[in-house]
Amino acid sequence: MHQRTVPCHYFAPRKIEEALEILSKYGKKIKIIAGGTDLLIQYYDRLYEINGWLDLKNIKELKEIKIYQNQMEIGAMVTHAQLEKSEDIKKYFPILGQAAADIGSPQIRNRGTIGGNIVNASPAGDLLAPLIAHKAKFKLLSGKDETLVAAENFFLGPKKTILRPDQLLTQIILPFPEKKTYGCWIKIGKRKALIIATITLALAVEMDENNKIVKDVRACLGSVAPTPIEIKEIRKKMVGKNFNQLDFAELGQLVEDKISPIDDIRGTREYRKDVAKNIMINALEEIGSARRSYK
Ligand SMILES: Cc1cc2nc3c(=O)[nH]c(=O)nc-3n(C[C@H](O)[C@H](O)[C@H](O)COP(=O)(O)OP(=O)(O)OC[C@H]3O[C@@H](n4cnc5c(N)ncnc54)[C@H](O)[C@@H]3O)c2cc1C
């Protein structure tokens with residue numbers, strides 16, 4: 001049995017500034033903990049290696065969803081359950097709310113946070129593709145600087161991000177979408193609940209005033225690459241086009257051609273490519289019918 005020989009620091013500050021001070025003093029020597037649903041599992045056998053904890057649970061400011069001018073600010077400690085239940089998220093960013101509702105089980109959704117999902121940077125993290133699709137920016141604070149980074153530039157690889165040891169992710173900032181923006185979220189896994197995704201798709205399509213021409217689009221996938229990805233070629237094929245004249249089969253094929261997933265226990269490369277094509281077609285069909293019923 002392992003016996004601890006060094007003292008263990010545990011901090012649970014009430015203010016962001018105090019947390020930043022602790023981070024600037026201890027940096028790599030301290031581990032930030034939010035809900036602990038990823039961290040405690042990853043470190044189960046090695047918890048004795050951690051000699052310092054910075055627990056964010058008392059920082060109220062990080063638990064709020066706020067509307068500010070033309071954007072929504074989501075605190076990093078907002079749980080999946082909060083996202084799932086928020087009327088504002090349902091109204092403006094439905095695919096983010098649906099993705100949160102698909103995470104784990106009620107227990108996990110009550111503890112797990114958006115910040116933890118982002119910083120854990122699993123290629124299968126359910127919120128990541130929706131955040132890129134919604135053009136999210138992440139606010140990173142340290143004792144000496146503040147950085148706002150686009151979600152697509154934050155992830156470097158599985159469990160790797162640009163976050164420095166002295167930085168805290170404090171807010172996720174989402175610009176309000178145009179009025180006629182439609183979204184679709186699809187998660188494929190072996191079961192309906194408590195399952196790590198085999199593949200996910202978050203598709204957001206912004207239409208013009210007349211609800212005819214595609215103004216902007218983001219097709220983002222999870223679990224098909226080391227990081228969540230956007231298929232940028234879809235923008236080239238869709239923007240400026242009449243939605244009714246889009247060739248869904250061609251767009252589905254483009255998604256299949258542009259991804260290069262690996263085989264793993266959850267699915268083969270071929271399976272993922274085939275499913276990616278089909279879920280892209282399904283998502284376009286769903287958006288097509290939501291568009292037709294827009295009043
Ligand atoms: C049974 C089970 C089922 C699950 N199902 C799913 C699922 O369906 N989909 C899914 O995506 N995930 C799933 N997860 C994974 C996990 O629940 C989520 O990723 C969750 O969002 C992690 O959040 P947390 O607050 O628990 O993070 P923590 O475990 O506390 O932290 C995760 C990492 O982020 C860092 N961190 C946390 N907050 C900050 C911050 N503000 N600033 C800087 N660093 C920070 C921590 O240091 C740590 O490295 C599941 C986990 C379990 C145990």
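Counting convention: from 1, in listed order, for ligands and their atoms alike.
- Distances from atom 16 (C) of ligand 1 to the heavy atoms of Thr37, Ile114, Ile118 show the closest one on Thr37.
- With a 4.0 Å cut-off on non-hydrogen atoms, Gln171 does not touch ligand 1 at all.
- By the ring-ring contact (aromatic ring centres under 6.0 Å, His included) test, His80 pairs with no residue at all, sequence neighbours left out.
- With distances taken over non-hydrogen atoms, the option nearest atom 37 (C) of ligand 1 out of Gly116, Ser223, Ala124 is Gly116.
- In this structure, Val205 and Arg291 have side chains that are not in contact, with every pair of non-hydrogen atoms separated by 4.5 Å or more.
- Short contacts between ligand 1 and Gly125, defined as distances under 4.0 Å to a heavy atom of the residue, involve ligand atoms 11 (O).
- Looking at Ile41 against ligand 1, only its side chain comes within 4.0 Å, counting heavy atoms.
- Contacts of Asp126 with ligand 1, taken as heavy-atom pairs under 4.0 Å, involve both backbone and side chain.
- Looking at heavy atoms from C-beta onward, Asp216 lies in side-chain contact with Arg235 at the 4.5 angstrom threshold.
- Closest to atom 6 (C) of ligand 1 by heavy atom, among Ile59, Ile16, Leu127, Ile103, is Ile103.
- Side-chain contact between Leu20 and Glu17: absent, with no pair of heavy atoms (C-beta onward) separated by less than 4.5 Å.
- Annotation: Gly104 places an N or O atom under 3.5 Å from an N or O atom of ligand 1; distance criterion only.
- For residues 20-38, the pairs satisfying side chain to side chain donor-acceptor pair (under 3.5 Å) are Asp38-Asn120, with sequence neighbours left out.
- The N/O atoms of Gln167, backbone and side chain alike, include none that comes under 3.5 Å of an N/O atom in ligand 1.
- If you number the atoms of ligand 1 from 1 as listed, the ones under 4.0 Å from a heavy atom of Ala34 come out as 25 (O), 30 (O), 37 (C), 38 (N).
- Near Ala76, meaning under 4.0 Å from one of its heavy atoms, ligand 1 places the atoms 41 (N).
- Considering backbone and side-chain N/O atoms, Ile33 never comes within less than 3.5 Å of an N/O atom of ligand 1.
- Checked for salt-bridge contact, Lys273 and Glu270 miss the test: no charged N lies under 4.0 Å from a carboxylate O.
- Atoms of ligand 1 found under 4.0 Å from any heavy atom of Leu39, numbered from 1 in the order shown, are 29 (O), 48 (C).
- Between Pro94 and His134, the closest heavy-atom pair is N-NE2, 4.4 Å.
- Atoms of ligand 1 found under 4.0 Å from any heavy atom of Gly35, numbered from 1 in the order shown, are 24 (P), 25 (O), 26 (O), 30 (O).
- By the 4.0 Å heavy-atom criterion, Met77 is excluded from the residues contacting ligand 1.
- Exactly one residue among Asp102, Thr200, Asp126 makes a side chain to side chain donor-acceptor pair (under 3.5 Å) with Lys187. That residue is Asp126.
- Nearest to atom 52 (C) of ligand 1 by heavy atom, out of Leu40, Ile108, Thr113, Asp102, is Ile108.
- Atom numbering of ligand 1 starts at 1 in the shown order; those under 4.0 Å from a heavy atom of His80 are 20 (C), 21 (O).
- Note on Lys232 versus Glu152: no salt bridge recorded, every NZ/NE/NH1/NH2 to OD/OE distance being 4.0 Å or above.
- Distances from ligand 1 to the non-hydrogen atoms of Thr170 include no value under 4.0 Å.
- For Leu56, every heavy-atom contact with ligand 1 shorter than 4.0 Å involves the side chain, none the backbone.
- Taking 4.0 Å as the cut-off between side-chain N and carboxylate O, Asp247 and Lys237 do not count as a salt-bridged pair.
- Side-chain atoms of Gln42 and Lys159, non-hydrogen and from C-beta on, do get closer than 4.5 Å to each other.
- More than 12 non-hydrogen atoms from other residues, nucleotides or ligands lie less than 6.0 angstrom from CZ of Arg269.
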